[in-house]
K.L.:
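So that we are looking at the same thing, I have put the structure below in structure tokens.
Side chains included, hydrogens not; waters and symmetry mates left out as well; all remaining heavy atoms used.
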Amino acid sequence: MAKDRIYFVGIGGIGMSALARYFRHEGWQVAGYDRTPSPLTAELEKEGIAVHYEDSAAAIPEAFREASRTRVVYTPAVPHDHAELNWFLGRGFEVLKRSRMLGLLGEGKNVMAVAGTHGKTTTTTMVAHFNAVAAGEGSAFLGGISKNFDSNLVLGAGRRMAVEADEFDRSFLQLHPKEAVVTSVDPDHLDIYGTYEAVREAFSQFAAQIRPEGTLILKKGIDLPLDRKDIRQYTYHVNDTDADFRAENLSVDEGGYYTFDLVFPDRRVAGCRLGIPGLVNVENCVAAAALVWCEGFRSDEALREAIATFRGVRRRFDFWVNDSRRPAGTIYMDDYAHHPAELRAMLTSVRKMFPRRELTVAFQPHLYTRTRDFAPEFAEVLSLADRVLLLPIYPAREEPIPGVTSEMLFEGVTAPYKKLIPKERLMDEVEALPAGGVLVTAGAGDIDRFCVSVAEIVRRKNG
């Protein structure tokens with residue numbers, strides 16, 4: 001009997017939920033476990049997918065307890081002693097990591113992969129939108145919720161498949177893309193890799209898996225050892241004149257929206273205006289357009305339309321309140337940044353957009369290991385703000401490490417105003433903020449659960 005049921009251990013993750021939606025669309029019976037309810041699991045349940053939140057083999061639905069009919073997918077974020085996962089492993093079920101399943105789905109497709117320690121999600125989502133608007137085809141598995149598609153899954157015609165190539169747990173080594181962009185290779189996930197050199201080696205191995213006659217596009221300045229004569233290699237940058245793909249003639253309006261010319265190896269597409277603000281997003285746009293150029297697009301005008309109509313990704317440079325014409329009003333933005341390099345890129349872009357406004361960042365560190373490994377770098381970057389509100393560490397998959405707390409960052413922050421607060425005090429601090437500034441909430445934990453309430457306070461105070 002053919003397998004027609006699929007069970008996800010960790011179904012509420014952004015990548016796992018996209019796979020769950022894909023198999024539901026393909027007619028499979030889908031169910032899964034996650035640790036806690038979330039907006040993503042609520043959406044899955046609305047779509048008819050059964051989700052439960054107790055790690056118990058007894059909680060696995062009866063329809064998914066037959067190995068001959070059920071395939072199991074799990075996320076590496078699930079602990080090794082997970083009861084349900086071990087129940088499946090001990091009974092002969094076909095059990096695959098999420099990355100392996102994504103690799104299987106990419107077979108026979110023109111995989112357009114975006115890798116990098118930051119910038120992946122927005123760039124991949126741009127690729128998906130540009131494919132849809134400028135080329136009229138393409139599917140995508142995204143690491144965030146696209147505002148254009150209102151989903152992390154895009155199901156379109158044709159062979160193009162945009163994917164976020166995740167370096168965590170070396171997951172991206174399951175992919176063999178036709179084209180790949182590498183946005184950044186910074187030290188991260190050192191709890192997995194151990195050393196920065198091991199991170200670089202993994203990215204080199206990923207690049208080495210590009211299909212013959214394929215294409216690698218590196219952000220200019222990234223140095224990856226790679227001996228491949230059978231692929232095309234290019235560079236990109238936001239404005240470096242030596243890069244193969246770049247933006248030129250940049251101008252910015254008072255809301256932080258940029259107009260620019262996109263320069264390709266064979267053409268210039270003048271007068272592009274990106275539909276979301278921020279210089280960092282112009283750089284993401286150059287990378288995404290470079291990938292789409294490899295597969296082709298219908299016309300320059302179609303690409304301009306795609307760039308202008310891109311609405312962004314939830315939690316990536318995500319403006320909730322942005323009436324820049326009211327100098328007395330507060331601007332509020334939320335961002336997923338959880339690595340020092342991401343925070344620097346985001347805060348620097350915000351500073352350039354609103355140079356005369358006071359900048360407040362409320363930051364929730366993510367993982368004890370990342371906080372320990374990059375404490376001085378986090379403190380230096382947070383000091384770019386005028387005001388810093390620092391929340392406790394969000395542990396995610398980790399157990400506490402003795403001596404590793406948010407105080408490690410707090411001590412090194414040199415911003416004019418800084419304060420350690422529990423999550424429950426965030427609303428009070430927002431109420432007390434002076435008018436006319438920019439407020440950013442940042443982090444990869446659960447700080448986004450406060451976005452609606454923060455935005456309500458800001459709007460009320462703005463009048």
K.L.:
Can you tell me if CD on Glu399 sees more than 12 non-hydrogen neighbours from other groups inside 6.0 Å?
P.N.:
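Counting neighbours around CD of Glu399, 12 or fewer heavy atoms of other residues, nucleotides or ligands fall under 6.0 Å, so no.
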K.L.:
Using atom types as modelled and distance alone, determine if a side-chain donor or acceptor of Lys97 lies under 3.5 Å from a backbone N or O of Gln174.
P.N.:
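Answer holds: no.
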K.L.:
Looking at Arg344 and Glu377, is any side-chain nitrogen of the basic one under 4.0 Å from a carboxylate oxygen of the acidic one?
P.N.:
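Arg344 and Glu377: not salt-bridged.
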K.L.:
On the 0 to 90° scale, with breaks at 30° and 60°, tag the Phe23-Phe8 ring pair as parallel, tilted or perpendicular.
P.N.:
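If you compare the ring of Phe23 with that of Phe8, the planes turn out tilted.
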K.L.:
Centre-to-centre under 6.0 Å for Tyr7 and Tyr33, is that the case here?
P.N.:
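No: the rings miss the under 6.0 Å criterion.
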K.L.:
Output the distance between atom CZ (Phe450) and atom CD (Gln364), rounded to the nearest 0.5 Å.
P.N.:
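CD of Gln364 is found 8.0 Å from CZ of Phe450.
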K.L.:
State whether Glu429 and Lys419 are salt-bridged, where the test is any N-O pair (Lys NZ or Arg NE/NH1/NH2 against Asp/Glu carboxylate O) under 4.0 Å.
P.N.:
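Lys419 and Glu429: salt-bridged.
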K.L.:
Check the angle between the aromatic planes of Tyr394 and His366 and answer parallel, tilted or perpendicular using the 30° and 60° thresholds.
P.N.:
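Parallel.
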K.L.:
Do the side chains of Arg351 and Asp386 get close enough for a salt bridge, i.e. N-O under 4.0 angstrom?
P.N.:
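The answer is yes: the pair qualifies as a salt bridge.
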K.L.:
Honestly, is Lys418 close enough over Phe410, meaning NZ or CZ under 6.0 Å from the six-membered ring centre and within 45° of the axis?
P.N.:
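Flagged: Lys418 positioned over aromatic ring of Phe410.
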K.L.:
Between Met126 and Ile276, is a side chain to side chain contact (heavy atoms under 4.5 Å, CB included) present by the stated rule, with each step listed?
P.N.:
CA-CA 11 Å; Met126 283 182 176; Ile276 58 173; 4.3 Å; yes
K.L.:
In terms of relative ring orientation, are Phe88 and Phe93 parallel, tilted or perpendicular, with 30° and 60° separating the classes?
P.N.:
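Rings of Phe88 and Phe93: perpendicular, over 60°.
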K.L.:
Does the gap between the ring centers of Tyr74 and His82 come in under 6.0 Å?
P.N.:
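They do not qualify: ring centres at least 6.0 Å apart.
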K.L.:
If we count only N and O atoms by modelled type, under 3.5 Å, do the side chains of Thr405 and Glu407 hold a donor and an acceptor together?
P.N.:
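Result is yes, a qualifying pair exists.
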K.L.:
When rounded to the nearest 0.5 angstrom, what distance separates OG in Ser383 from CZ in Phe378?
P.N.:
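Ser383 atom OG to Phe378 atom CZ measures 13.0 Å (nearest 0.5 Å).
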K.L.:
Do Tyr22 and Trp28 have their ring centres less than 6.0 Å from each other?
P.N.:
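Here the rings of Trp28 and Tyr22 have centres that are no less than 6.0 Å from each other.
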K.L.:
Using a strict 4.0 Å threshold on nitrogen-to-oxygen distance, state whether Glu456 and Arg459 make a salt bridge.
P.N.:
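No salt bridge links Glu456 with Arg459.
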K.L.:
State, with a plain yes or no, whether a side-chain heavy atom of Arg71 is found less than 4.5 Å away from one of Met101.
P.N.:
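Result yes, sub-4.5 Å side-chain heavy-atom pair found.
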K.L.:
Side chains of Thr441 and Tyr332: does their closest heavy-atom pair fall under 4.5 Å?
P.N.:
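Answer yes - side chains close enough.
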K.L.:
Let me know which of Arg315, Arg314, Arg449 forms a salt bridge (Lys or Arg N to Asp or Glu O under 4.0 Å) with Asp334.
P.N.:
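Of all the options given, the one that passes is Arg315.
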